[in-house]
Number of protein chains: 2
Amino acid sequence: MKFSKKSEYGLRALLELCETYGGRVLQRHEIAERQNIPVEFLEQILLALKRAGLLASRRGIRGGYSLIKSPEEITLGQVIRILDGPLAPISCVSKTAYQKCSDCPYAAKPSCPLQQAMGEVRDAIANILDHYTLSRFAHNNLVEGS
Amino acid sequence: MKFSKKSEYGLRALLELCETYGGRVLQRHEIAERQNIPVEFLEQILLALKRAGLLASRRGIRGGYSLIKSPEEITLGQVIRILDGPLAPISCVSKTAYQKCSDCPYAAKPSCPLQQAMGEVRDAIANILDHYTLSRFAHNNLVEGS
DNA sequence: AAAATCTTGAGCAACTCACTAGACATCTAG
DNA sequence: CTAGATGTCTAGTGAGTTGCTCAAGATTTT
(Lines give C-alpha, C1' and ligand atoms only; values in the text may rest on other atoms or scores of the structure.)
Protein backbone atom coordinates (compact mmCIF):
# COMPACT_ATOMS: atom_id res chain seq x y z
CA MET A 1 0.00 0.00 0.00
CA LYS A 2 2.47 2.60 -1.13
CA PHE A 3 2.69 5.12 -3.87
CA SER A 4 5.46 4.39 -6.31
CA LYS A 5 8.61 6.46 -6.63
CA LYS A 6 7.23 7.50 -9.98
CA SER A 7 4.37 9.39 -8.35
CA GLU A 8 6.55 10.88 -5.66
CA TYR A 9 9.13 12.10 -8.17
CA GLY A 10 6.42 13.30 -10.50
CA LEU A 11 4.79 15.43 -7.82
CA ARG A 12 8.09 16.90 -6.71
CA ALA A 13 8.96 17.72 -10.31
CA LEU A 14 5.60 19.46 -10.79
CA LEU A 15 6.25 21.44 -7.65
CA GLU A 16 9.35 22.81 -9.32
CA LEU A 17 7.50 23.52 -12.57
CA CYS A 18 4.79 25.41 -10.69
CA GLU A 19 7.30 28.00 -9.60
CA THR A 20 8.19 28.95 -13.15
CA TYR A 21 4.63 28.63 -14.50
CA GLY A 22 4.06 31.32 -17.12
CA GLY A 23 7.75 32.12 -17.20
CA ARG A 24 10.70 30.22 -18.54
CA VAL A 25 10.97 26.51 -19.23
CA LEU A 26 12.86 24.12 -16.97
CA GLN A 27 15.30 21.54 -18.21
CA ARG A 28 15.25 18.03 -16.90
CA HIS A 29 18.68 18.32 -15.31
CA GLU A 30 17.63 21.44 -13.38
CA ILE A 31 14.63 19.65 -11.93
CA ALA A 32 16.65 16.53 -11.29
CA GLU A 33 19.37 18.36 -9.40
CA ARG A 34 17.09 20.42 -7.22
CA GLN A 35 14.88 17.49 -6.33
CA ASN A 36 17.53 14.79 -6.20
CA ILE A 37 15.92 12.61 -8.81
CA PRO A 38 17.82 10.35 -11.26
CA VAL A 39 17.73 12.32 -14.53
CA GLU A 40 16.93 9.45 -16.86
CA PHE A 41 14.13 8.16 -14.70
CA LEU A 42 12.73 11.66 -14.38
CA GLU A 43 12.66 11.86 -18.14
CA GLN A 44 10.21 8.97 -18.38
CA ILE A 45 8.00 10.64 -15.84
CA LEU A 46 8.00 14.01 -17.59
CA LEU A 47 7.16 12.32 -20.89
CA ALA A 48 4.22 10.53 -19.31
CA LEU A 49 2.96 13.81 -17.90
CA LYS A 50 3.39 15.38 -21.32
CA ARG A 51 1.43 12.63 -23.07
CA ALA A 52 -1.29 13.19 -20.50
CA GLY A 53 -1.50 16.82 -21.48
CA LEU A 54 -0.11 18.47 -18.35
CA LEU A 55 3.26 19.49 -19.75
CA ALA A 56 4.66 20.90 -22.96
CA SER A 57 8.23 20.38 -24.09
CA ARG A 58 10.58 21.96 -26.56
CA ARG A 59 13.66 20.31 -27.96
CA GLY A 60 16.92 21.87 -28.97
CA ILE A 61 19.33 24.20 -27.34
CA ARG A 62 16.80 26.25 -25.40
CA GLY A 63 14.45 23.38 -24.83
CA GLY A 64 12.86 22.18 -21.64
CA TYR A 65 9.53 21.46 -19.99
CA SER A 66 6.78 23.75 -18.84
CA LEU A 67 3.34 23.43 -17.30
CA ILE A 68 0.59 23.71 -19.88
CA LYS A 69 -2.35 23.76 -17.46
CA SER A 70 -2.63 26.11 -14.53
CA PRO A 71 -1.72 24.76 -11.08
CA GLU A 72 -5.31 25.36 -9.95
CA GLU A 73 -6.62 22.89 -12.53
CA ILE A 74 -4.31 20.04 -11.62
CA THR A 75 -5.05 17.81 -8.65
CA LEU A 76 -2.77 15.36 -6.93
CA GLY A 77 -5.26 12.64 -7.77
CA GLN A 78 -4.90 13.30 -11.48
CA VAL A 79 -1.12 13.13 -11.33
CA ILE A 80 -1.04 9.95 -9.32
CA ARG A 81 -3.55 8.26 -11.60
CA ILE A 82 -1.41 9.14 -14.61
CA LEU A 83 1.77 7.77 -13.10
CA ASP A 84 0.54 5.03 -10.81
CA GLY A 85 -2.78 3.93 -12.22
CA PRO A 86 -6.11 3.98 -10.36
CA LEU A 87 -6.33 5.03 -6.72
CA ALA A 88 -8.56 2.16 -5.64
CA PRO A 89 -6.87 -0.29 -3.27
CA ILE A 90 -8.40 -3.20 -5.16
CA SER A 91 -9.65 -3.01 -8.69
CA CYS A 92 -13.19 -4.18 -8.01
CA VAL A 93 -13.92 -0.88 -6.23
CA SER A 94 -12.27 1.43 -8.73
CA LYS A 95 -14.44 4.12 -10.29
CA THR A 96 -11.95 5.01 -13.00
CA ALA A 97 -10.80 1.48 -13.80
CA TYR A 98 -13.39 -0.98 -12.53
CA GLN A 99 -12.66 -4.61 -13.08
CA LYS A 100 -14.76 -7.49 -11.83
CA CYS A 101 -12.62 -9.74 -9.69
CA SER A 102 -12.52 -13.10 -11.36
CA ASP A 103 -11.41 -15.30 -8.48
CA CYS A 104 -13.47 -13.88 -5.62
CA PRO A 105 -16.43 -16.05 -4.57
CA TYR A 106 -18.45 -12.93 -3.77
CA ALA A 107 -18.08 -11.58 -7.29
CA ALA A 108 -21.42 -13.02 -8.32
CA LYS A 109 -23.31 -12.00 -5.20
CA PRO A 110 -24.81 -8.55 -4.77
CA SER A 111 -22.20 -7.41 -2.29
CA CYS A 112 -18.81 -8.42 -0.98
CA PRO A 113 -17.49 -7.60 2.50
CA LEU A 114 -14.12 -6.58 1.10
CA GLN A 115 -15.75 -4.28 -1.40
CA GLN A 116 -17.55 -2.33 1.26
CA ALA A 117 -14.46 -1.69 3.36
CA MET A 118 -12.23 -1.00 0.38
CA GLY A 119 -14.83 1.23 -1.19
CA GLU A 120 -14.76 3.41 1.90
CA VAL A 121 -10.99 3.57 1.72
CA ARG A 122 -11.10 4.43 -1.95
CA ASP A 123 -13.55 7.28 -1.35
CA ALA A 124 -11.49 8.65 1.50
CA ILE A 125 -8.32 8.70 -0.55
CA ALA A 126 -9.98 10.17 -3.62
CA ASN A 127 -11.72 12.82 -1.54
CA ILE A 128 -8.40 14.12 -0.31
CA LEU A 129 -6.32 13.78 -3.44
CA ASP A 130 -8.90 14.98 -5.94
CA HIS A 131 -9.42 18.21 -3.99
CA TYR A 132 -5.75 18.92 -3.43
CA THR A 133 -4.62 21.13 -6.29
CA LEU A 134 -1.03 21.75 -7.29
CA SER A 135 -1.37 25.44 -6.46
CA ARG A 136 -2.36 24.65 -2.89
CA PHE A 137 0.37 22.07 -2.84
CA ALA A 138 3.03 24.48 -4.09
CA HIS A 139 1.76 27.30 -1.92
CA ASN A 140 2.56 25.41 1.26
CA ASN A 141 6.02 25.16 -0.10
CA LEU A 142 6.47 28.89 -0.52
CA VAL A 143 5.00 29.72 2.86
CA GLU A 144 7.38 27.52 4.75
CA GLY A 145 10.29 29.19 3.01
CA SER A 146 9.64 32.49 4.76
CA MET B 1 -1.47 2.36 -4.80
CA LYS B 2 -2.91 -1.06 -4.40
CA PHE B 3 -3.06 -3.62 -1.69
CA SER B 4 -1.16 -6.75 -2.53
CA LYS B 5 -2.82 -10.04 -3.29
CA LYS B 6 -1.36 -11.23 -0.02
CA SER B 7 -3.59 -8.89 1.95
CA GLU B 8 -6.63 -9.59 -0.15
CA TYR B 9 -6.20 -13.35 0.17
CA GLY B 10 -5.39 -13.02 3.86
CA LEU B 11 -8.57 -11.12 4.57
CA ARG B 12 -10.70 -13.54 2.59
CA ALA B 13 -9.11 -16.45 4.43
CA LEU B 14 -9.83 -14.84 7.79
CA LEU B 15 -13.42 -14.35 6.70
CA GLU B 16 -13.67 -18.07 6.32
CA LEU B 17 -11.98 -18.73 9.66
CA CYS B 18 -14.37 -16.39 11.43
CA GLU B 19 -17.28 -18.61 10.56
CA THR B 20 -15.81 -21.58 12.39
CA TYR B 21 -14.40 -19.53 15.25
CA GLY B 22 -14.74 -21.51 18.48
CA GLY B 23 -15.63 -24.63 16.54
CA ARG B 24 -13.60 -26.89 14.32
CA VAL B 25 -10.34 -26.11 12.55
CA LEU B 26 -10.12 -25.40 8.84
CA GLN B 27 -7.55 -26.94 6.56
CA ARG B 28 -5.67 -24.89 4.03
CA HIS B 29 -7.23 -26.68 1.07
CA GLU B 30 -10.73 -26.03 2.36
CA ILE B 31 -10.04 -22.32 2.60
CA ALA B 32 -8.24 -22.32 -0.71
CA GLU B 33 -11.10 -24.01 -2.53
CA ARG B 34 -13.88 -21.86 -1.11
CA GLN B 35 -12.02 -18.64 -1.71
CA ASN B 36 -10.30 -19.56 -4.95
CA ILE B 37 -6.79 -18.98 -3.66
CA PRO B 38 -3.69 -20.93 -4.79
CA VAL B 39 -3.07 -23.39 -1.93
CA GLU B 40 0.69 -23.00 -1.66
CA PHE B 41 0.54 -19.24 -1.68
CA LEU B 42 -2.21 -19.29 0.91
CA GLU B 43 0.06 -21.37 3.09
CA GLN B 44 2.66 -18.60 3.31
CA ILE B 45 -0.06 -16.17 4.26
CA LEU B 46 -1.51 -18.38 6.98
CA LEU B 47 1.95 -18.93 8.41
CA ALA B 48 2.58 -15.19 8.54
CA LEU B 49 -0.71 -14.70 10.35
CA LYS B 50 0.24 -17.50 12.73
CA ARG B 51 3.63 -15.97 13.49
CA ALA B 52 1.83 -12.72 14.19
CA GLY B 53 -0.32 -14.45 16.79
CA LEU B 54 -3.71 -14.36 15.07
CA LEU B 55 -3.91 -18.03 14.17
CA ALA B 56 -3.07 -21.37 15.73
CA SER B 57 -2.30 -24.46 13.72
CA ARG B 58 -2.15 -28.16 14.35
CA ARG B 59 -0.27 -30.66 12.23
CA GLY B 60 -1.15 -34.21 11.44
CA ILE B 61 -4.20 -35.98 10.25
CA ARG B 62 -6.78 -33.77 11.91
CA GLY B 63 -4.73 -30.64 11.67
CA GLY B 64 -5.68 -27.26 10.32
CA TYR B 65 -5.87 -23.60 11.23
CA SER B 66 -8.11 -21.75 13.65
CA LEU B 67 -8.52 -18.20 14.89
CA ILE B 68 -6.82 -17.63 18.22
CA LYS B 69 -8.12 -14.12 18.86
CA SER B 70 -11.76 -13.15 18.73
CA PRO B 71 -13.01 -11.44 15.57
CA GLU B 72 -13.85 -8.35 17.62
CA GLU B 73 -10.22 -7.87 18.54
CA ILE B 74 -8.82 -8.06 15.02
CA THR B 75 -8.96 -5.06 12.72
CA LEU B 76 -8.40 -4.94 8.99
CA GLY B 77 -5.54 -2.53 9.63
CA GLN B 78 -3.70 -5.08 11.75
CA VAL B 79 -4.02 -7.77 9.13
CA ILE B 80 -2.89 -5.56 6.29
CA ARG B 81 0.09 -4.31 8.24
CA ILE B 82 1.15 -7.89 8.95
CA LEU B 83 0.96 -8.94 5.32
CA ASP B 84 1.68 -5.74 3.44
CA GLY B 85 3.74 -3.60 5.77
CA PRO B 86 2.84 -0.08 6.89
CA LEU B 87 -0.30 1.65 5.63
CA ALA B 88 1.38 4.99 4.92
CA PRO B 89 1.49 5.91 1.23
CA ILE B 90 5.08 7.14 1.61
CA SER B 91 7.37 6.15 4.42
CA CYS B 92 8.12 9.64 5.70
CA VAL B 93 4.55 9.91 7.00
CA SER B 94 4.29 6.46 8.54
CA LYS B 95 3.49 6.24 12.23
CA THR B 96 4.34 2.58 12.54
CA ALA B 97 7.43 2.62 10.30
CA TYR B 98 8.67 6.17 9.97
CA GLN B 99 11.71 6.71 7.82
CA LYS B 100 13.26 10.04 6.96
CA CYS B 101 13.35 10.42 3.19
CA SER B 102 16.97 10.70 2.19
CA ASP B 103 16.67 12.20 -1.26
CA CYS B 104 13.92 14.76 -0.71
CA PRO B 105 15.17 18.36 -0.57
CA TYR B 106 12.47 19.18 2.00
CA ALA B 107 13.69 16.54 4.40
CA ALA B 108 15.80 19.05 6.30
CA LYS B 109 13.18 21.81 6.36
CA PRO B 110 10.45 21.92 8.97
CA SER B 111 7.70 20.83 6.61
CA CYS B 112 7.29 19.28 3.22
CA PRO B 113 4.27 19.84 0.95
CA LEU B 114 4.10 16.15 0.09
CA GLN B 115 4.14 15.17 3.73
CA GLN B 116 1.10 17.23 4.54
CA ALA B 117 -1.04 15.76 1.79
CA MET B 118 0.18 12.23 2.33
CA GLY B 119 -0.23 12.53 6.07
CA GLU B 120 -3.90 13.31 5.55
CA VAL B 121 -4.23 10.30 3.30
CA ARG B 122 -2.50 8.08 5.83
CA ASP B 123 -4.81 9.21 8.61
CA ALA B 124 -7.89 8.69 6.50
CA ILE B 125 -6.89 5.16 5.58
CA ALA B 126 -5.86 4.21 9.09
CA ASN B 127 -9.05 5.68 10.53
CA ILE B 128 -11.14 3.37 8.43
CA LEU B 129 -9.07 0.21 8.57
CA ASP B 130 -8.13 0.37 12.25
CA HIS B 131 -11.79 0.63 13.24
CA TYR B 132 -13.06 -2.07 10.94
CA THR B 133 -13.04 -5.30 12.94
CA LEU B 134 -13.21 -8.76 11.48
CA SER B 135 -16.52 -9.41 13.21
CA ARG B 136 -18.10 -6.43 11.50
CA PHE B 137 -16.42 -7.52 8.32
CA ALA B 138 -17.74 -11.07 8.57
CA HIS B 139 -21.15 -9.91 9.70
CA ASN B 140 -21.77 -8.07 6.46
CA ASN B 141 -21.08 -11.33 4.81
CA LEU B 142 -23.76 -13.22 6.71
CA VAL B 143 -26.34 -10.51 6.33
CA GLU B 144 -26.12 -10.42 2.58
CA GLY B 145 -26.70 -14.14 2.47
CA SER B 146 -30.23 -13.79 3.76
C1' DA C 1 4.25 -47.98 10.76
C1' DA C 2 1.39 -45.25 7.52
C1' DA C 3 -1.36 -41.58 6.03
C1' DA C 4 -2.70 -36.97 6.34
C1' DT C 5 -1.53 -32.62 7.41
C1' DC C 6 1.40 -28.54 8.41
C1' DT C 7 6.25 -26.47 7.63
C1' DT C 8 10.27 -24.93 5.26
C1' DG C 9 13.11 -23.72 1.43
C1' DA C 10 14.37 -23.03 -3.08
C1' DG C 11 13.05 -21.55 -7.54
C1' DC C 12 10.45 -19.15 -11.47
C1' DA C 13 7.97 -15.43 -14.31
C1' DA C 14 6.37 -10.79 -14.45
C1' DC C 15 6.64 -6.25 -12.88
C1' DT C 16 8.87 -1.88 -10.99
C1' DC C 17 12.87 1.03 -10.35
C1' DA C 18 17.01 2.94 -11.93
C1' DC C 19 20.10 3.58 -15.38
C1' DT C 20 22.55 3.62 -20.32
C1' DA C 21 23.19 4.38 -25.15
C1' DG C 22 21.91 6.15 -29.18
C1' DA C 23 18.50 8.39 -32.49
C1' DC C 24 16.33 12.61 -33.47
C1' DA C 25 15.13 17.72 -33.19
C1' DT C 26 16.38 22.57 -32.64
C1' DC C 27 19.06 26.58 -31.97
C1' DT C 28 23.36 29.32 -32.47
C1' DA C 29 27.97 30.30 -34.44
C1' DG C 30 30.70 30.67 -38.15
C1' DC D 1 23.30 27.67 -44.69
C1' DT D 2 25.86 24.27 -42.69
C1' DA D 3 28.25 22.25 -38.35
C1' DG D 4 28.06 21.22 -33.91
C1' DA D 5 26.35 21.88 -29.35
C1' DT D 6 22.44 21.12 -26.53
C1' DG D 7 18.22 19.46 -25.89
C1' DT D 8 14.27 15.79 -26.07
C1' DC D 9 12.86 11.07 -27.16
C1' DT D 10 13.05 5.82 -27.59
C1' DA D 11 14.63 1.26 -26.61
C1' DG D 12 16.92 -1.84 -23.95
C1' DT D 13 19.38 -3.74 -19.64
C1' DG D 14 19.93 -5.34 -14.85
C1' DA D 15 18.74 -5.39 -9.76
C1' DG D 16 14.95 -6.04 -6.60
C1' DT D 17 10.16 -7.15 -5.39
C1' DT D 18 5.72 -9.70 -5.98
C1' DG D 19 2.81 -13.58 -7.01
C1' DC D 20 3.07 -18.16 -7.31
C1' DT D 21 4.87 -23.30 -7.66
C1' DC D 22 7.36 -27.42 -6.35
C1' DA D 23 9.69 -30.65 -3.53
C1' DA D 24 11.38 -32.38 0.64
C1' DG D 25 10.92 -32.47 5.85
C1' DA D 26 8.34 -32.49 10.46
C1' DT D 27 4.38 -33.80 13.32
C1' DT D 28 0.21 -35.85 14.71
C1' DT D 29 -3.56 -39.38 14.50
C1' DT D 30 -5.19 -44.03 13.18
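To find a chain, count down the sequence lines: A is the first, B the second, and so on, and within it residues start at 1. It should be emphasised that the depicted structure is a prediction, and the values quoted were computed from it without experimental measurement.
- Across residues 32-45 of chain A, A/E43, A/Q44 each have a non-hydrogen atom less than 4.0 Å from an atom of DNA chain D (numbered order).
- Following rounding to the nearest Å, B/L17 (CG) and C/dC6 (C1') show an atom-to-atom distance of 14 Å.
- Backbone-only contact: B/R58 has heavy atoms under 4.0 Å from sugar-phosphate atoms and none from a base.
- In this entry the distance linking CZ of B/R62 with C1' of C/dT5 reads 13 Å, nearest Å.
- Between the CG atom of B/L83 and the P atom of D/dC20 there is a distance of 13 Å, given to the nearest Å.
- Here the side chains of B/D123 and B/K95 are in contact, with some heavy-atom distance below 4.5 Å.
- Rounded to whole Å, the distance from CG on B/L47 to P on C/dT8 is 6 Å.
- Between A/I90 atom CD1 and D/dT18 atom C1' the separation is 17 Å, expressed in whole Å.
- Rounded to an integer number of Å, the gap from CD of B/E30 to P of C/dC6 is 9 Å.
- In this model, the phosphate group of D/dG19 is not approached by any side-chain N or O of B/Y9 to a distance below 4.0 Å at OP1 or OP2.
- As judged by a 4.0 angstrom heavy-atom cut-off over every strand, A/L46 is placed among residues making no nucleic acid contact.
- Residue A/Q27 has its side chain nearest to D/dG7 when only D/dC9, D/dG7, C/dT5 are considered.
- Salt bridge A/E30/A/R24: present, at least one basic N to carboxylate O contact under 4.0 Å.
- In summary, A/D84 and B/K2 do not engage in a salt bridge, as defined by a charged side-chain N under 4.0 Å from a carboxylate O.
- Nucleotides of DNA chain D nearest to A/H29 and B/R59 differ in position, and the one nearer the 5' end is that of A/H29.
- Here the C1' atom of nucleotide D/dG16 and the NZ atom of A/K5 are 14 Å apart, to the nearest Å.
- Connection of B/I68 to B/L134 is not established within any shared hydrophobic cluster, with ILVMFWY side chains joined at heavy-atom distances below 4.5 Å, either directly or through further cluster members.
- Backbone-only contact: B/K50 has heavy atoms under 4.0 Å from sugar-phosphate atoms and none from a base.
- B/L17 and B/V25 fall into different hydrophobic clusters, where Ile, Leu, Val, Met, Phe, Trp and Tyr side chains are chained together by heavy-atom contacts under 4.5 Å.
- Proximity note for B/S57 (side chain, C-beta onward) versus C/dA4, C/dC6, D/dC20: the nearest is C/dC6.
- Following rounding to the nearest Å, B/M1 (CE) and D/dT18 (P) show an atom-to-atom distance of 15 Å.
- Residues B/T133 and B/P71 approach most closely at CB-O, 3.7 Å, considering heavy atoms.
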Quick one: do B/E16 and B/R12 satisfy salt bridge (charged side-chain N to carboxylate O under 4.0 Å, His left out)? Show the steps, please. CA-CA 7 Å; B/E16 215 65 45; B/R12 292 200 347 234; over 6 Å; no
